[in-house]
There are 2 protein chains.
Amino acid sequence: MATTRENMSFRDIKRVVLERIQKRVWAPDSLLPSEVELAEEFSSTRTTVNRALRELAEEGYLERKRKAGTRVLNAPLRKAQFNIPQVRNEIIEAGNDYRYALVTSQMIAAPSWLSAKLGTAPEQYVLYLECMHFADNAPFQYEVRWIVTDSVPTAAEADFATIGPGEWLAQELPFTDLEVSFTATQADQRIADFLDAREGDPIFSTQRTTWLRTQPVTHARLYFAPGYKMTTRL
Amino acid sequence: MATTRENMSFRDIKRVVLERIQKRVWAPDSLLPSEVELAEEFSSTRTTVNRALRELAEEGYLERKRKAGTRVLNAPLRKAQFNIPQVRNEIIEAGNDYRYALVTSQMIAAPSWLSAKLGTAPEQYVLYLECMHFADNAPFQYEVRWIVTDSVPTAAEADFATIGPGEWLAQELPFTDLEVSFTATQADQRIADFLDAREGDPIFSTQRTTWLRTQPVTHARLYFAPGYKMTTRL
DNA sequence: TAGTGGTCTAGACCACCCG
DNA sequence: GGGTGGTCTAGACCACTAT
């Protein structure tokens with residue numbers, strides 16, 4: 001019956017396998033045939049079948065264990081992927097004009113919560129910045145950022161009136177570790193003023209912390225104008 | 001000088017390449033040697049080098065084009081990955097007890113915004129549910145959900161007093177398409193009551209819409225108790 | 001058109017781990 | 001112990017695209 005005419009690419013195999021999962025031909029928790037058997041059915045090789053199954057496993061549909069075989073996950077742990085864009089790109093890709101402005105720039109002693117978060121010495125001096133990002137001249141994002149100048153000495157002379165700290169850091173040095181989190185917060189008077197919002201408005205906020213190997217680099221809090229929505233489809 | 005002792009695995013190659021990127025041995029926007037050359041340097045094969053570079057490209061470090069070659073991305077488009085967990089698992093994995101309760105269940109005519117979002121006939125009847133999810137008996141999430149019973153006929157008889165609709169749907173039928181979005185919203189009186197919050201509190205909210213092929217299945221709005229934070233590290 | 005990455009094949013050895 | 005997936009090799013053909 002199974003008239004697999006030609007040899008299939010790993011994409012074809014992925015598609016067929018996914019269909020069988022979704023149509024419950026292979027029910028949740030059940031075991032798939034081994035790679036060798038599938039290679040035979042698809043008149044392909046184990047290498048190709050392996051790539052198809054490996055990618056489906058990465059996408060959260062399958063669980064693979066040596067000797068145990070390949071199993072269909074019952075609760076497909078679907079993974080949502082978000083890009084972590086530069087604000088500039090985010091705005092430009094939405095088809096709007098981007099404008100940047102520096103609000104404040106000064107050296108301060110790191111507040112204790114920041115030292116704790118970054119793992120720096122208490123009271124260590126850091127560069128404190130506040131910036132605004134506009135889309136078509138409307139407030140888009142209010143950014144509050146701390147840069148550990150000990151880790152990034154050149155930051156002390158950078159001209160953040162011209163270029164946003166996020167962008168500058170991206171081209172100045174790489175990072176190896178990144179922590180991102182998202183919360184809903186409430187606009188205080190200052191945030192409200194910058195974002196053309198009212199005090200008390202719900203504000204979508206992102207926090208990013210980056211390290212270069214073990215060295216803390218920067219912490220940023222990004223406050224988005226009311227109505228911001230982060231979306232992904234898969 | 002380059003005393004590459006043994007043949008390296010694709011993981012080794014990934015590590016070395018990533019180091020060179022991060023140490024600017026290969027600067028942003030610059031071109032890497034071709035796969036053949038790298039295979040020679042690492043005394044490996046093109047297949048293995050290919051896998052290493054392909055994965056680094058998927059992770060957002062490189063851009064690869066036929067003929068053009070492999071280029072280091074200047075603004076590493078880092079990708080954050082979030083799991084899309086069942087509330088139950090999210091709560092249990094945090095070490096808390098999970099409890100579920102059904103608040104409301106009724107058939108209603110779909111409001112027009114929902115028909116538009118899902119692409120269903122106007123006024124089509126859908127199952128409307130409100131539910132609560134508790135962590136250690138404290139309100140964790142208030143869920144509002146619409147299920148297209150035409151697409152999921154068995155939903156009409158499911159006992160949502162016993163099992164949450166998210167969980168039931170996951171085991172009842174697969175989905176092929178998913179849209180997720182995140183916003184900050186403001187607690188109205190009803191939401192505040194359910195979540196032990198005050199009216200006006202900022203609330204982190206997730207919206208999920210799923211389809212089975214072209215068929216709309218469900219739309220859900222999940223309101224998290226104040227203080228909720230979604231975090232990922234990479 | 002030439003050079004690069006994209007993919008497949010055929011075979012091999014190995015690591016893991018269930019029974 | 002033996003079956004499964006994990007990975008590597010060596011070679012080939014092809015698809016795309018910069019020049």
Side-chain angles (χ1 to χ4, degrees), chain A residues 2-18 20-21 26-74 76-77, chain B residues 2-18 20-21 26-74 76-77:
Chain A
T3 52
T4 46
R5 315 176 177 287
E6 299 299 322
N7 38 9
M8 303 166 75
S9 75
F10 80 95
R11 283 173 210 283
D12 297 328
I13 298 180
K14 276 183 76 172
R15 191 175 33 73
V16 171
V17 170
L18 191 52
R20 292 195 189 164
I21 294 172
W26 290 324
D29 278 330
S30 68
L31 226 47
L32 265 61
S34 75
E35 294 187 345
V36 178
E37 293 171 294
L38 288 174
E40 199 170 341
E41 174 187 349
F42 297 133
S43 59
S44 173
T45 58
R46 196 164 82 84
T47 313
T48 302
V49 171
N50 178 278
R51 176 157 180 197
L53 296 187
R54 174 164 32 91
E55 291 195 358
L56 286 172
E58 274 166 15
E59 290 164 24
Y61 295 101
L62 300 173
E63 182 191 37
R64 319 193 72 202
K65 270 197 290 218
R66 283 155 151 131
K67 167 67 180 181
T70 300
R71 191 175 292 282
V72 179
L73 284 178
N74 46 7
L77 225 212
Chain B
T3 52
T4 45
R5 315 176 175 287
E6 299 299 322
N7 37 10
M8 303 164 76
S9 76
F10 80 94
R11 282 174 210 284
D12 297 328
I13 297 179
K14 276 183 76 171
R15 191 175 34 72
V16 171
V17 171
L18 191 51
R20 292 194 189 164
I21 293 172
W26 290 323
D29 278 329
S30 68
L31 225 47
L32 266 61
S34 74
E35 293 188 345
V36 178
E37 293 171 295
L38 287 174
E40 198 169 340
E41 174 187 347
F42 297 133
S43 59
S44 175
T45 58
R46 196 165 82 85
T47 312
T48 303
V49 171
N50 178 277
R51 176 156 182 198
L53 296 188
R54 175 164 30 93
E55 292 194 358
L56 285 172
E58 274 167 15
E59 290 163 25
Y61 295 100
L62 300 174
E63 183 192 34
R64 318 193 73 203
K65 270 197 289 213
R66 285 157 152 133
K67 167 69 179 180
T70 300
R71 192 174 293 282
V72 179
L73 284 177
N74 47 6
L77 225 210

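The side chain of B:Thr70 contributes no N or O atom lying less than 4.0 Å from OP1 or OP2 of C:dT4. Between C:dT7 and B:Thr47, no contact under 4.0 Å exists linking OP1 or OP2 to a side-chain N or O. Within the structure, a side-chain polar atom (N or O) of B:Asn50 is placed less than 4.0 Å from OP1 or OP2 of C:dG6. Contact annotation: A:Arg11 reaches the phosphate of C:dT7 (side-chain N/O to OP1 or OP2, under 4.0 Å). Not one side-chain nitrogen or oxygen of A:Arg66 sits closer than 4.0 Å to the OP1 or OP2 atom of D:dG3. Phosphate proximity of C:dT9 to A:Thr48: present, with a side-chain N or O under 4.0 Å from OP1 or OP2. Between A:Arg54 and D:dG6 there is no side-chain N or O to OP1 or OP2 distance below 4.0 Å. In terms of phosphate contacts, B:Arg46 brings no side-chain nitrogen or oxygen within less than 4.0 Å of OP1 or OP2 of C:dG5.
Nearest nucleotide to the side chain of B:Lys67, out of D:dA18, D:dG3, D:dC8: D:dA18. When the nucleotides C:dC8, D:dG6, D:dA18 are ranked by their closest atom to the side chain of A:Glu35, D:dG6 comes out on top.
When rounded to the nearest whole Å, the span between CG of A:Leu31 and P of D:dG3 equals 15 Å. As a whole-Å value, the separation of A:Met8 CE from C:dT9 P is 11 Å. Rounded to a whole Å, the CG atom of A:Leu32 is 13 Å from the P atom of D:dT4. Nucleotide D:dG5 holds its C1' atom 13 Å from the CZ atom of B:Phe10, rounded to whole Å. We find that CG of B:Leu38 is positioned 11 Å from P of C:dT4, with the value rounded to whole Å. Summarising the geometry, the separation between CD on A:Glu55 and P on D:dG5 is reported as 17 Å, rounded to the nearest angstrom. A straight line from CZ of B:Arg71 to P of C:dG3 spans 18 Å, rounded to a whole angstrom. One interatomic measurement links the two molecules: CZ of B:Arg64 to C1' of D:dC16, which rounds to 14 Å at whole-angstrom precision.
The 5' end of DNA chain C is approached more closely, in terms of each residue's nearest nucleotide, by B:Pro33 than by the other of A:Ser44 and B:Pro33.
The two residues B:Glu63 and B:Leu73 come nearest to each other via the heavy atoms CB-CD2, 3.8 Å. The two atoms that bring A:Val16 and A:Met8 nearest to each other are CG2-CE, 3.6 Å, heavy atoms only. Here the closest heavy-atom approach between residue B:Val17 and residue B:Trp26 is recorded as CG1-CZ3, 3.9 Å.
B:Ile21 CD1 to B:Tyr61 OH: the interatomic distance, rounded to the nearest 0.5 Å, is 8.0 Å.
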Going through the checks in order, is the side-chain hydrogen bond (donor to acceptor under 3.5 Å, both in side chains) test met by A:Thr47 and A:Asn50? CA-CA 5 Å; A:Thr47 313; A:Asn50 178 278; over 6 Å; no

